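Notes follow the structure.
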Amino acid sequence: GISGIEDFEGHCFHTSRWDYGYTGGSSQGEPMDNLADKVVGIIGTGATGVQAIPHLAKAAGELYVFQRTPSSIDVRNNAPIDPEWFASLEPGWQGEWLTNFATLQTGGFTEVDLVDDGWTDIAKRIRDKVVEGLAVHGFDRAARRAAYEASDDEKMAEIRARVDALVQDPATAELLKPWYRQLCKRPCFHDEYLQSYNLPTVHLIDTGGRGVERADANGVFVGETHYRLDCLIFASGFEVGTDLARRAGFSTTGRGGVTLSQAWEDGMVSLHGMHVHGFPNLFLLGFSQAANLISNVTHNYVDSSATLAAILGHAKAIGAAQVEVTGAAQAAWVNQILEGEEPLLFDPDCTPGYYNNEGDLGDPRLRIQSGGYPEGSVAFFAFIEAWRTSGRFDGLTFSA
């Protein structure tokens with residue numbers, strides 16, 4: 001979408017299609033020696049850019065980082081795994097850890113924090129502040145919002161102080177400080193990203209929220225300043241929340257020629273986030289209208305896969321060739337989701353991002369598409385396990 005980008009005569013690629021033939025190195029971590037004499041630019045400082053920039057900083061002759069909005073960078077604190085401790089884990093430990101993490105992420109309490117990372121640190125801070133507020137104000141949404149914001153202020157002050165502690169140039173440090181709330185954008189965790197800007201060959205180009213405006217044969221422009229580049233890398237991430245046909249490249253078509261985009265014109269409708277009436281044998285794996293656990297998306301996929309396996313196993317056992325949700329079951333499920341409380345993350349002061357529908361909080365579809373099981377993620381996982389093991393598969397019809 002950058003004006004003139006097709007005129008750029010240097011090398012360019014997206015991070016998801018990394019060109020090791022140009023950069024050298026490999027996905028196994030060998031150094032990208034071919035960049036030693038190259039001037040490289042990278043657009044994007046979100047979760048994708050944060051992963052790539054430290055490696056490019058070490059490899060490139062010069063690196064220009066074009067920043068629209070700084071990311072929140074907390075400690076990752078990776079450490080070696082003790083082999084003896086790992087060998088002592090009992091079978092099923094993965095599921096125990098998933099439940100432990102999900103419990104803490106959704107404001108619950110556990111005897112021990114098995115994961116103990118930046119995500120659980122954020123969650124426990126918010127939880128404890130909310131509990132303190134409840135003791136004073138009771139179950140009041142405004143009080144819970146105030147408690148959430150207080151914990152956020154505390155955490156973000158630490159994030160900004162970490163930038164000052166790690167980045168040597170004060171002017172650069174100021175530009176790298178996130179000025180928004182922690183959960184307005186996806187939090188990032190890295191132990192080398194901020195230090196990359198201490199290298200004399202790394203240049204942070206802050207665009208004041210505008211991004212790179214245009215390109216020519218030799219490089220790109222920010223305002224009226226031109227940056228000559230040999231290579232331009234797009235760390236623009238991936239589309240989230242846009243029309244499914246746009247992302248998939250094709251339209252999913254159900255009964256009567258109705259496409260999924262048409263069925264969801266007024267917002268997503270489903271049973272358990274997996275089944276859509278009018279679309280037999282279509283199974284969606286995700287978190288929307290289900291557990292809604294966005295801090296560990298893979299937990300949703302693992303659990304959805306177990307549910308799908310149970311459904312298909314039942315269909316095979318009874319000789320059914322078609323599985324579909326009834327319209328009544330779908331409507332009841334959607335109504336149950338809409339009766340739940342609006343998430344605290346819907347903050348009108350947040351920067352646009354996929355956590356808040358790119359800032360369009362007036363979109364009537366936002367609530368239905370971002371909602372989940374009203375009792376929370378852990379409750380949903382317990383509910384759906386009981387549902388899939390009951391043998392009844394309430395809400396679905398199986399036919400030959």
Side-chain angles (χ1 to χ4, degrees), residues 1-19 22-23 32 34-73 160 163-164 166-180 184-186 188 193-239 349-354 358-360:
I2 299 172
S3 175
I5 196 62
E6 293 181 357
D7 299 327
F8 180 59
E9 295 177 357
H11 199 76
C12 61
F13 57 87
H14 190 273
T15 47
S16 64
R17 298 173 177 86
W18 199 275
D19 190 350
Y22 180 84
T23 66
M32 296 180 286
N34 293 354
L35 296 180
D37 61 346
K38 300 293 192 297
V39 180
V40 179
I42 183 167
I43 295 176
T45 54
T48 302
V50 166
Q51 296 173 74
I53 286 166
H55 298 281
L56 291 170
K58 296 173 185 175
E62 281 192 274
L63 177 65
Y64 287 87
V65 178
F66 298 101
Q67 172 181 276
R68 185 184 65 179
T69 309
S71 280
S72 167
I73 313 292
R160 289 186 279 270
V163 178
D164 283 327
L166 295 177
V167 179
Q168 295 167 359
D169 177 56
T172 301
E174 205 60 34
L175 294 173
L176 287 167
K177 293 177 183 178
W179 42 267
Y180 46 83
C184 282
K185 301 182 82 67
R186 187 196 187 284
C188 296
Y193 174 76
L194 293 171
Q195 296 91 318
S196 299
Y197 295 96
N198 293 331
L199 297 174
T201 53
V202 178
H203 315 285
L204 176 65
I205 310 302
D206 185 77
T207 68
R210 296 186 303 273
V212 171
E213 295 163 40
R214 57 193 172 98
D216 65 7
N218 302 312
V220 299
F221 289 84
V222 174
E224 295 304 314
T225 305
H226 182 263
Y227 297 91
R228 189 179 184 90
L229 304 171
D230 297 311
C231 176
L232 181 59
I233 300 172
F234 301 102
S236 52
F238 304 89
E239 289 196 78
D349 297 324
C350 273
T351 55
Y354 61 85
E358 300 300 335
D360 183 9

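Values below: every heavy atom of this structure, side chains too, minus hydrogens, waters and symmetry copies. From a predicted model like this one, the values you see are computed outputs, not experimental measurements.
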Got a list of side-chain donor-acceptor pairs under 3.5 Å for residues 218-236, not counting sequence neighbours?
{"from": "His226", "atom 1": "NE2", "to": "Asp216", "atom 2": "OD1", "distance (Å)": "3.0"}
{"from": "His226", "atom 1": "NE2", "to": "Asp216", "atom 2": "OD2", "distance (Å)": "3.2"}
{"from": "Asp230", "atom 1": "OD2", "to": "Val39", "atom 2": "N", "distance (Å)": "2.8"}
{"from": "Ser236", "atom 1": "OG", "to": "His14", "atom 2": "NE2", "distance (Å)": "3.2"}

For residues 41-55, the side-chain hydrogen bond (donor to acceptor under 3.5 Å, both in side chains) pairs (sequence neighbours left out) are none
The ring-ring contact (aromatic ring centres under 6.0 Å, His included) partners of Tyr197 (sequence neighbours excluded) come to Tyr193
Sorted by chain and residue number, the side chain to side chain donor-acceptor pair (under 3.5 Å) partners of Ser196 (sequence neighbours excluded) come out as none
Does Asn198 reach the main-chain N or O of Leu166 with its side chain, forming a donor-acceptor pair under 3.5 Å? yes
Is it true that, when you exclude Arg160 itself, more than 12 heavy atoms of the residues, nucleotides or ligands shown sit nearer than 6.0 Å to its CZ? yes
Who passes side chain to side chain donor-acceptor pair (under 3.5 Å) against His11, sequence neighbours left out? Asp19
Donor-acceptor pairs under 3.5 Å, side chain of residues 199-207 to any protein atom, not counting sequence neighbours: which ones?
{"from": "His203", "atom 1": "NE2", "to": "Glu62", "atom 2": "OE2", "distance (Å)": "2.8"}
{"from": "Asp206", "atom 1": "OD1", "to": "Gln67", "atom 2": "NE2", "distance (Å)": "2.7"}
{"from": "Asp206", "atom 1": "OD2", "to": "Gly208", "atom 2": "N", "distance (Å)": "3.1"}
{"from": "Thr207", "atom 1": "OG1", "to": "Gln67", "atom 2": "O", "distance (Å)": "2.9"}
{"from": "Thr207", "atom 1": "OG1", "to": "Gly211", "atom 2": "N", "distance (Å)": "2.8"}

Apply salt bridge (Lys or Arg N to Asp or Glu O under 4.0 Å) to Lys177 and list each qualifying residue two or more places apart in sequence or on a separate chain. Asp164, Glu174
Glu213: partners by side-chain contact (heavy atoms from CB on, under 4.5 Å), with sequence neighbours left out: Arg210
Test side chain to side chain contact (heavy atoms under 4.5 Å, CB included) on Leu194 and Val163 and set out the steps. CA-CA 7 Å; Leu194 293 171; Val163 178; 4.1 Å; yes
All side chain to side chain donor-acceptor pair (under 3.5 Å) counterparts of Ser3, not counting sequence neighbours: none
The criterion is side chain to side chain donor-acceptor pair (under 3.5 Å); which residues satisfy it with Thr23, sequence neighbours excluded? Trp18
